[in-house]
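Please read the structure below before turning to the comments.
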Amino acid sequence: MISKYFNSNTKCFILLIAAIYGYYIAGNGTPWIMDDPMRAAVGYDWFNGWDFDGRPMSTVLYQLLTLGTGFLPLSPLSQIAGSILITLSALVFISIYQKENENKYYNLIALVPLFSPILAANLVWVFDSFTMSAAMLLAVVAFKCSLNRSLGYFLIASLWMALSLLTYQPAIHLFVICLFFNTYISIINDEDKDLKKIVRNALISGGVLIVGLLTYKIFAHPQDYLEKHLATYPKGQIITGVSSNIVNFYHFLEQCLNGPIFYPIKATLIIYLISFFILVFMSKRTLYTKIALVVCLPVGLIISLFGCYLPLSSPMFEPRLLLSFSFLLLLPLLQVNCILTKLNRSALAEKIQIGFSVVLLWVGTVNIVELHNALAAEFHNLDFNMAPIARDLNAFMSENPNAQWSMEGYIKKSNLRNRYAHSNGIVDTTEVWSHLPGFFESRFSIDNAVSRFCWDTTGRTKPQDPVINTAVYSIYKDENMIWVVVH
């Protein structure tokens with residue numbers, strides 16, 4: 001199925017741009033964030049791959065990417081491969097709704113999701129960028145297969161959906177947004193088609209999702225950290241909990257898109273709503289059907305963007321979880337094409353699509369440059385502050401080579417990072433250092449760490465008085481243990 005998306009020079013050119021974009025993210029010196037330093041320092045075998053996170057297929061795919069060499073960093077290849085997979089996902093997504101011969105700029109808009117500011121928070125991950133992107137492609141291909149109404153395709157689609165979930169669970173929202181958009185665009189455009197048939201087709205695709213979820217439940221065994229974040233509200237609190245999460249995720253999305261560089265993104269969302277209402281108005285469906293479409297729009301959008309997180313009592317608020325938002329940016333471009341095609345203004349549709357695509361690609365370019373510069377500033381700030389800690393810790397370790405050590409706390413954000421964060425919501429909401437000890441080990445090669453997290457998990461009581469106390473850190477020690485507390 002995928003091979004036919006390589007059948008033109010323009011697609012190859014688009015994929016080349018995607019590869020260059022992925023190389024820029026990694027090859028331009030973007031520092032590692034979050035879990036990446038820890039994985040680089042000690043590998044991921046001690047976590048048994050991503051299995052503990054309910055993502056065993058991520059382990060398999062990463063081993064395939066590294067040709068079985070283990071959990072070693074493979075940047076920039078992982079980001080290049082991830083960027084290509086995201087663009088392929090967009091090409092498959094667009095092919096469902098718009099034929100290539102309808103628009104010679106068909107391929108250009110496939111870069112819009114990749115350049116989306118939200119997805120930038122996924123691609124800066126060294127280890128996860130490839131597997132997250134693979135899950136996205138699997139989810140979109142699963143939906144594409146579900147449109148072929150046969151038992152064989154149903155089973156194949158269910159398999160792809162299960163593999164997608166076993167690779168990266170948030171990719172479920174890509175399948176949901178495909179289902180949502182395909183259903184209402186079929187109702188609006190296929191005016192001669194019986195509504196019952198459209199609903200039946202939607203239920204079949206929904207069945208693929210259910211079978212995929214059940215298969216995921218059989219093979220995935222998330223533990224500890226993820227179990228905590230998968231806990232749902234008690235039955236008596238589910239309504240208030242879901243309502244609260246809707247408000248919280250809306251405000252979080254607002255926070256992500258804070259800053260003047262995201263005004264074109266917001267304008268695109270407004271165009272999406274306007275074009276939706278125009279399409280509904282132009283439709284020859286009954287008034288009741290039109291009212292139902294309008295009423296269902298906000299519900300469908302909420303479910304498509306973060307529906308699976310709403311029942312959770314302790315959901316994570318991170319940009320990398322909002323995968324489907326990047327594909328939402330394609331919908332206004334596709335809807336405007338539908339409107340102008342009905343009005344026999346295809347040439348104008350081409351101009352609008354290329355115009356908006358160029359603007360959105362420029363927004364994404366500015367965003368990734370700002371994110372890179374902010375992360376680089378944070379990296380240099382951390383390196384500068386960690387060097388004296390390494391010096392003092394090495395001195396104590398030389399006195400007692402068998403001593404163990406732990407580190408807790410966080411380094412203050414650099415001034416330049418704060419300046420970027422003030423006008424760029426993605427910089428503001430992208431976490432950088434959750435595992436200082438992992439960064440410390442990868443940079444300074446000091447062994448015997450007890451904990452690789454930024455909080456004390458030793459269960460031991462440190463002395464009251466530090467042996468070293470500075471404005472940035474304090475060090476406590478006894479005969480067998482050294483505690484580093486970062487202020």
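Computed from heavy atoms alone, side chains included, the values below leave out hydrogens, waters and symmetry copies. Quick note: residue numbers are just sequence positions, from 1.
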Donor + acceptor pair across side chains of [X], [Y] (<3.5 Å):
X	Y	value
D428	N424	no
K462	S406	no
T240	S243	no
Q169	Y216	yes

Verdict with reasoning, L323 to Y168, per side-chain contact (heavy atoms from CB on, under 4.5 Å)
CA-CA 11 Å; L323 296 180; Y168 190 55; 3.8 Å; yes
Test log, rule side-chain contact (heavy atoms from CB on, under 4.5 Å), inputs S95 and K144
CA-CA 9 Å; S95 73; K144 175 90 171 179; 3.2 Å; yes
Proximity of [X] and [Y] rings by center, below 6.0 Å:
X	Y	answer
F93	F327	yes
Y184	F181	yes
F325	H173	no

Is the shortest side-chain N to carboxylate O distance from R55 to D128 below 4.0 Å?
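Judged by the 4.0 Å cut-off on N to carboxylate O distance, R55 and D128 do form a salt bridge.
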Checking side-chain contact (heavy atoms from CB on, under 4.5 Å) for the pair L155/L159: CA distance, chi angles, key distance, verdict?
CA-CA 6 Å; L155 295 176; L159 173 62; over 6 Å; no
Would you say [X]'s side chain and [Y]'s backbone share a donor-acceptor pair under 3.5 angstrom?
X	Y	result
T289	R285	no
R320	L119	no
S164	A135	yes
N245	L310	yes

Report the C-alpha distance between Y272 and L329 in whole Å, list the side-chain angles of each, state the deciding distance to 0.1 Å, and finish with yes or no for side-chain contact (heavy atoms from CB on, under 4.5 Å).
CA-CA 8 Å; Y272 166 67; L329 297 178; over 6 Å; no
To the nearest 0.5 Å, what is the distance between SG (C308) and CG (L213)?
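Reported value, rounded in 0.5 Å steps: 7.0 Å.
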Only one of N367, V366, L371, N373 passes side-chain contact (heavy atoms from CB on, under 4.5 Å) with V369; say which it is.
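Running side-chain contact (heavy atoms from CB on, under 4.5 Å) over N367, V366, L371, N373 with V369 returns exactly one hit, N373.
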